[in-house]
Amino acid sequence: MVTQKQWRPDAVLMLISGILVVISLASLAGIVAASLDHAKSWSDGTWFKFGTTGFCHVAILALIHFFLKVHQTSWKEFLGLNSAQWRVGILVGGVTGILMVPALLLVNEISSLVLKSFRVVPVEQQVVVIVKSHSGSAQRLALAAAALVFAPLVEESIFRGILYPAIRQRGHMLIALLFTSLLFAAIHANLMTFFPLFLFAIILVVLYELTDVLLTSMVAHAVFNAVNFLLLIYETPLTNWFQHLWQSVRERI
């Protein structure tokens, strides 16, 4: 089974080290750019952030490619496309991704209320702020590519495809589940979405275990992001539509 793939511990550590170097270089680029007078107008802008994010995604995918080569594993095998049930996995992932949206939005709202009860002001994720800022179509297209393609591919490869099996193979399935899920939630650096993302990560692991197809969790992740992306873009018309519908129901009652 792919979920029980025997990854070499030294290779896993080297991969993690490489990822940390890539992230550090991207952060350093931001610091250097911000220190340049002529760059101050764009270093904190959306396109610069897209550029550094794109660099991280491409570089990390290259590191994962070499990691797989070390283990003589193809991307086809890694994604689970050698499995007879990969088509079922895609279907299960798509349906699960849609069903998770209302459930996790509810959990997100509860998290917001809990934070407010402790007098902590909930802060939305940066990507949410960018989408809500009515950015141009080119920016939204770049953001959609990052959120719907690269983020699911990179994050699922790292957390569910490599880290989870690496810890699981040592006989610590529960620790693997909890650690990778907590780490997944933590890297998004947002207190309000921490618990919803933690639950999201657990569900993605369960999908991977049930189907033994990593593509299942990738599709669920991508569909979940896609639905949320559309909800953010059409938030105003959807809100107006629901308000109109609710008003019509009340008038008929």
Side-chain angles (χ1 to χ4, degrees), residues 1-27 53-83 85-86 89-90 92-93 96-97 146-189 194 197-225:
M1 293 178 66
V2 180
T3 49
Q4 297 180 20
K5 183 72 177 180
Q6 297 294 310
W7 302 128
R8 284 170 39 190
D10 61 321
V12 174
L13 290 175
M14 289 183 65
L15 175 64
I16 294 173
S17 299
I19 292 173
L20 292 176
V21 169
V22 168
I23 295 174
S24 298
L25 288 175
S27 300
T53 300
F55 164 76
C56 287
H57 284 157
V58 172
I60 291 173
L61 283 174
L63 290 174
I64 294 173
H65 177 73
F66 286 114
F67 176 87
L68 295 178
K69 286 191 68 176
V70 167
H71 292 88
Q72 298 181 339
T73 302
S74 66
W75 277 96
K76 184 176 181 180
E77 180 185 356
F78 181 62
L79 296 177
L81 293 175
N82 286 342
S83 171
Q85 57 181 357
W86 69 268
I90 291 177
V92 170
T96 305
L148 310 187
V149 179
F150 289 104
L153 178 59
V154 171
E155 292 175 5
E156 294 308 306
S157 294
I158 295 172
F159 291 99
R160 260 62 66 180
I162 296 174
L163 289 182
Y164 173 73
I167 301 173
R168 186 187 189 277
Q169 73 186 30
R170 312 299 296 180
H172 306 294
M173 183 175 179
L174 181 59
I175 294 177
L177 172 65
L178 295 178
F179 175 75
T180 56
S181 299
L182 287 170
L183 185 59
F184 174 80
I187 65 162
H188 290 81
F194 181 86
L197 288 176
F198 172 67
L199 293 179
F200 183 38
I202 290 177
I203 294 171
L204 292 174
V205 171
V206 172
L207 286 176
Y208 189 25
E209 281 285 352
L210 289 176
T211 63
D212 196 38
V213 176
L214 184 60
L215 197 60
T216 303
S217 64
M218 286 184 179
V219 170
H221 194 155
V223 170
F224 177 81
N225 284 358

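T73 places none of its side-chain heavy atoms less than 4.5 Å from the side chain of F67. No side-chain heavy atom of T216 sits under 4.5 Å from any side-chain heavy atom of Y208. Put simply, the side chain of F159 does not reach to within 4.5 Å of the side chain of L204, judged on heavy atoms. At a threshold of 4.5 Å between non-hydrogen side-chain atoms, the residues L163 and I16 count as touching. Between D212 and S83 there is no side-chain heavy-atom pair separated by less than 4.5 Å.
Across A146 and H57, no two heavy atoms sit closer than the pair O-CE1, 4.2 Å. L153 and W75 make their closest contact through CD1-CZ3, 4.4 Å (heavy atoms, listed as atom of the first residue, atom of the second, distance). The minimum heavy-atom distance linking R160 with V205 is given by the pair CD-CG2, 3.5 Å. Residues N225 and P152 approach most closely at ND2-CG, 4.2 Å, considering heavy atoms. Across all non-hydrogen atoms, the minimal contact from G93 to V219 is C-CG1, 3.9 Å. Here the closest heavy-atom approach between residue I64 and residue V154 is recorded as CD1-O, 4.4 Å.
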Chi angles and distances behind the side chain to side chain contact (heavy atoms under 4.5 Å, CB included) call for W86, K76:
CA-CA 11 Å; W86 69 268; K76 184 176 181 180; over 6 Å; no
Between F184 and T180, is a side chain to side chain contact (heavy atoms under 4.5 Å, CB included) present by the stated rule, with each step listed?
CA-CA 6 Å; F184 174 80; T180 56; over 6 Å; no
T96/F224 under side chain to side chain contact (heavy atoms under 4.5 Å, CB included): CA gap, chis, key distance, verdict:
CA-CA 8 Å; T96 305; F224 177 81; over 6 Å; no
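The aromatic rings of H71 and W7 stand perpendicular to each other, their planes meeting at an angle above 60°, with 30° marking the opposite boundary.
Remark: L63 CG to I162 CD1 distance equals 9.5 Å, nearest 0.5 Å. Within the model, atoms NE2 of H221 and CG of L215 stand 13.5 Å from one another, a figure rounded to the nearest 0.5 Å. Of the inter-residue distances, the one linking E155 atom CD with S217 atom OG reads 11.0 Å to the nearest 0.5 angstrom. Rounded to the nearest 0.5 Å, atoms NE2 (H65) and OG (S74) are 10.5 Å apart. In this structure, I60 CD1 and F150 CZ are separated by 12.0 Å, a value rounded to the nearest 0.5 Å. A distance of 13.5 Å separates CG in L174 from CZ in F179, rounded to the nearest 0.5 Å.
Within 6.0 Å of CZ on F194 lie more than 12 heavy atoms contributed by other residues, nucleotides or ligands. Atom CZ of F198 has more than 12 neighbouring heavy atoms from other residues, nucleotides or ligands inside a 6.0 Å radius. Heavy-atom neighbours of F66 CZ from other residues, nucleotides or ligands within 6.0 Å: at or below the threshold of 12.
No donor-acceptor distance shorter than 3.5 angstrom exists from the side chain of E156 to the backbone of L214, with no hydrogens or angles considered.
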